Number of protein chains: 4
Amino acid sequence: MEAFSDGVIAILITIMVLELREPHGADFAALRHTFPSLLAYVLSFVNLGIYWMNHHHLVKTVRRYNGAMLWANLNLLFWLSLFPFATAWMSENGFATDTVATYGIVLAMAAAAFTILQTVIVRSYGADLSLKRALGRDLKAKLSLGGYLVSIPMAFAFRWVSIGIFIAVALTWLTPDRRLQGFLQSASVSDSQATRD
Amino acid sequence: MEAFSDGVIAILITIMVLELREPHGADFAALRHTFPSLLAYVLSFVNLGIYWMNHHHLVKTVRRYNGAMLWANLNLLFWLSLFPFATAWMSENGFATDTVATYGIVLAMAAAAFTILQTVIVRSYGADLSLKRALGRDLKAKLSLGGYLVSIPMAFAFRWVSIGIFIAVALTWLTPDRRLQGFLQSASVSDSQATRD
Amino acid sequence: MEAFSDGVIAILITIMVLELREPHGADFAALRHTFPSLLAYVLSFVNLGIYWMNHHHLVKTVRRYNGAMLWANLNLLFWLSLFPFATAWMSENGFATDTVATYGIVLAMAAAAFTILQTVIVRSYGADLSLKRALGRDLKAKLSLGGYLVSIPMAFAFRWVSIGIFIAVALTWLTPDRRLQGFLQSASVSDSQATRD
Amino acid sequence: MEAFSDGVIAILITIMVLELREPHGADFAALRHTFPSLLAYVLSFVNLGIYWMNHHHLVKTVRRYNGAMLWANLNLLFWLSLFPFATAWMSENGFATDTVATYGIVLAMAAAAFTILQTVIVRSYGADLSLKRALGRDLKAKLSLGGYLVSIPMAFAFRWVSIGIFIAVALTWLTPDRRLQGFLQSASVSDSQATRD
């Protein structure tokens, strides 16, 4: 599952560049018209990079997969696979209202899908309290999903605020999930302390 | 073989999104025209996801590959590789009769190719009765192939029935193959019981 | 090197399908116009499948890579990467003379690149006589390269003969390289017999 | 991280071929117009091949990843992902001044990103003096970055000199990084000599 998901995200992050149309002209003036596309590309590249890292850290904790996990994972990959489409539509239409809202919907669905995957994994490890605790207060994930949900209606009034939310959320994730990293490092310690804990 | 096949399926599931043309317009009305495409994309995404899971479970049982397996595998990948083409042709022509029949043909050929690969693998493990038994009554696979074969002529009379069949078959596969999973779990048990069995 | 090469070939075999343009029309009559493209696609799919298998069997024998091997490998991948381009150009122009010759040139260069890679690997294992012997009489590889070299000038006189050569060569490779498979199986035996051999 | 990066670079090196437009015509005269594109494709193919090798050798030395490394790595992949775009824009406009300068900028940013990644890795292994020493005098990397930086303004005066620089730099890298290879081989030796060193 890890290799397949890594593969899909690697392909998604790469094929987005195929959506970057070459400018119609050979000078910097022509290149300037590609600038909005390039910015949208950077945003989606960073977002997919964030999902790759968090996904990588999350599934590393899984030792046995069941059907529910596989489907929750495929659901996440589906929403991530719409990033290139949503990015291209938004950037080629000058960040028009409806396209920004659509981008926000795709981001929100992907964030929800990640939360679902996380929940499914935590439930399968019902007894594994330390993973639950490590993930329990994922305020950042909730704030991100909340931000995306706000950005959708916001796009119809102030679309640049929505875009600001997209950027702000991405910036808050620019460090990998320390909680999980910490959990993984303390896992061997916890295991040996299991009787005392 | 597993890594190569996983790679090909991961790429197929991802590049289908490249076939999703951005709508000609920047509002939701324009997006509505992409809806049939999006639905066809979801259907093919789920189908490829199903093939990935079943393929993954199947080849996990193989410890040594021979030429026949490699070619049966390449045959399956070939039919899967036509999914993006068949999906795009069907959705861009409003699910026209001939395009639906073609999609059914590709689905049927992929299902047959999977059955062939399974048969080749079972034959190579002639003595391994438990794998044979685990796969013996794969009623679901036979019903799927049968459904696809029915959907092809059906497309010329009631094409929505064919599309209904595609969706119904996909839904029946939304759980991974429990029989094989069960077999794998009991394999170590069987091994130790081999003399008594 | 193995994973990277497998990845590149998996991508090449898959993206070729992106070159299959959807027919301009929604009926089987329109599909018939895609038939030449589909046949060319099948031919290139099978050829890349053959390269994947032979490459897979070849690099499995390598335990340590050096710079020369890496570059010989990259050279092979370069020629393989021109398959989608050559296939699309040939099929979209109704197998015109020059396009068939170009396809033959790409096939010949890929076959030569494979021979170079093989030679570089054999030289690095100078003392490993059994690998050299196993590869020594690769008549099939020499005949393939010869066939491709003949097909290039032939395209200007009888282009269908050239296409026949492409198909005939592919058919001769439809079994994986038994010699290498045999070598790998006997490797442990040879190792223990090294002093007596 | 290694598998993900290898995957992204494998995809990049492969999808560039999708930018090779088939010539408008079925004869060699038409193919001649694709020649500049083909040459630019070869140059970028070789450059990505070089990055793959050096990246592969570099991350092989890493045993534990931290957040800084992951982001430095993603930064490198981002600049590499602009290669297909920059290559296509340059070659489709006959190597026009601004497009050559843009290609130089992308090359310079990628070279800088590689240096950053290397520095981050070296810093994380503060005590590991032998890796530092092995990388200390990477004159070649500094000359490459310098060459790219010179090529950018040069493009506005003598763009063929800039292209010459691109080719010359690529040629100097046509051997993998021997220093790191040497370091890896001597690592086990160093480890056992650590107390005496």
Side-chain angles (χ1 to χ4, degrees), chain C residues 1-19 21 37 40 48 64-103 105-106 109 152 155-156 159, chain D residues 2-35 37-39 41-57 60 84 170-171 173-182 184-185:
Chain C
M1 183 167 108
E2 200 179 331
F4 182 76
S5 308
D6 274 15
V8 169
I9 299 177
I11 298 159
L12 284 173
I13 216 170
T14 322
I15 61 173
M16 268 194 316
V17 86
L18 287 177
E19 308 271 6
R21 304 267 172 269
S37 290
L48 281 175
R64 260 192 77 79
Y65 300 101
N66 55 39
M69 283 184 211
L70 291 171
W71 282 108
N73 191 48
L74 213 56
N75 181 41
L76 173 62
L77 293 181
F78 175 75
W79 292 106
L80 295 182
S81 81
L82 292 181
F83 274 42
F85 172 80
T87 308
W89 194 42
M90 182 172 69
S91 66
E92 281 173 18
N93 291 290
F95 298 84
T97 297
D98 289 6
T99 65
V100 172
T102 303
Y103 190 79
I105 292 169
V106 171
M109 293 305 286
I152 301 168
F156 299 103
R159 58 201 168 105
Chain D
E2 200 180 331
F4 182 76
S5 308
D6 274 15
V8 169
I9 299 176
I11 298 159
L12 284 172
I13 216 170
T14 322
I15 61 173
M16 268 194 315
V17 86
L18 287 177
E19 310 270 4
L20 275 181
R21 304 265 172 269
E22 290 93 51
H24 298 291
D27 52 9
F28 288 130
L31 193 61
R32 213 170 349 154
H33 293 292
T34 345
F35 233 78
S37 291
L38 200 62
L39 286 181
Y41 173 60
V42 172
L43 180 60
S44 292
F45 188 96
V46 168
N47 270 318
L48 281 175
I50 289 165
Y51 273 104
W52 168 63
M53 283 188 201
N54 287 324
H55 183 272
H56 192 76
H57 283 290
K60 220 161 54 176
L171 289 176
W173 284 99
L174 283 178
T175 47
D177 202 312
R178 277 172 205 287
R179 282 169 297 118
L180 266 174
Q181 277 194 322
L184 286 173
Q185 281 161 30

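Chain naming here is simple, since letters A, B, ... match the order of the sequence lines and numbering starts at 1 in each. What you are looking at is a predicted structure, and each value in this text was computed from that prediction instead of being measured.
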Query raised in the report: When you measure from the side chain of Thr102(C) to the backbone N and O of Asp98(C), does any donor-acceptor pair fall under 3.5 Å?
Result: yes

Query - ring pair (Phe, Tyr, Trp, His ring centres under 6.0 Å) involving Trp89(C) - partner list, sequence neighbours excluded - result: none

Requested in this report: Give the intermediate values and the outcome of side chain to side chain contact (heavy atoms under 4.5 Å, CB included) for residues Met109(C) and Leu82(C).
Outcome: CA-CA 10 Å; Met109(C) 293 305 286; Leu82(C) 292 181; over 6 Å; no

Requested in this report: Could you look at Ile9(D) and say if it's the side chain, the backbone, both or neither that has a heavy atom under 4.5 Å from chain C?
Outcome: both

Query raised in the report: Can you name the side-chain hydrogen bond (donor to acceptor under 3.5 Å, both in side chains) partners of Thr87(C), sequence neighbours left out?
Result: Ser44(C)

Requested in this report: Go through Asp6(D), Asp27(D), Val46(D), Val42(D) and name the one with the most non-hydrogen pairs under 4.5 angstrom from chain C.
Outcome: Asp27(D)

Report summary line: If one checks every heavy atom of Leu77(C) against chain D at 4.5 Å, the contacting part turns out to be both

Query raised in the report: Checking Ile13(D) against chain C: side chain, backbone, both or neither under 4.5 Å from a heavy atom?
Result: side chain

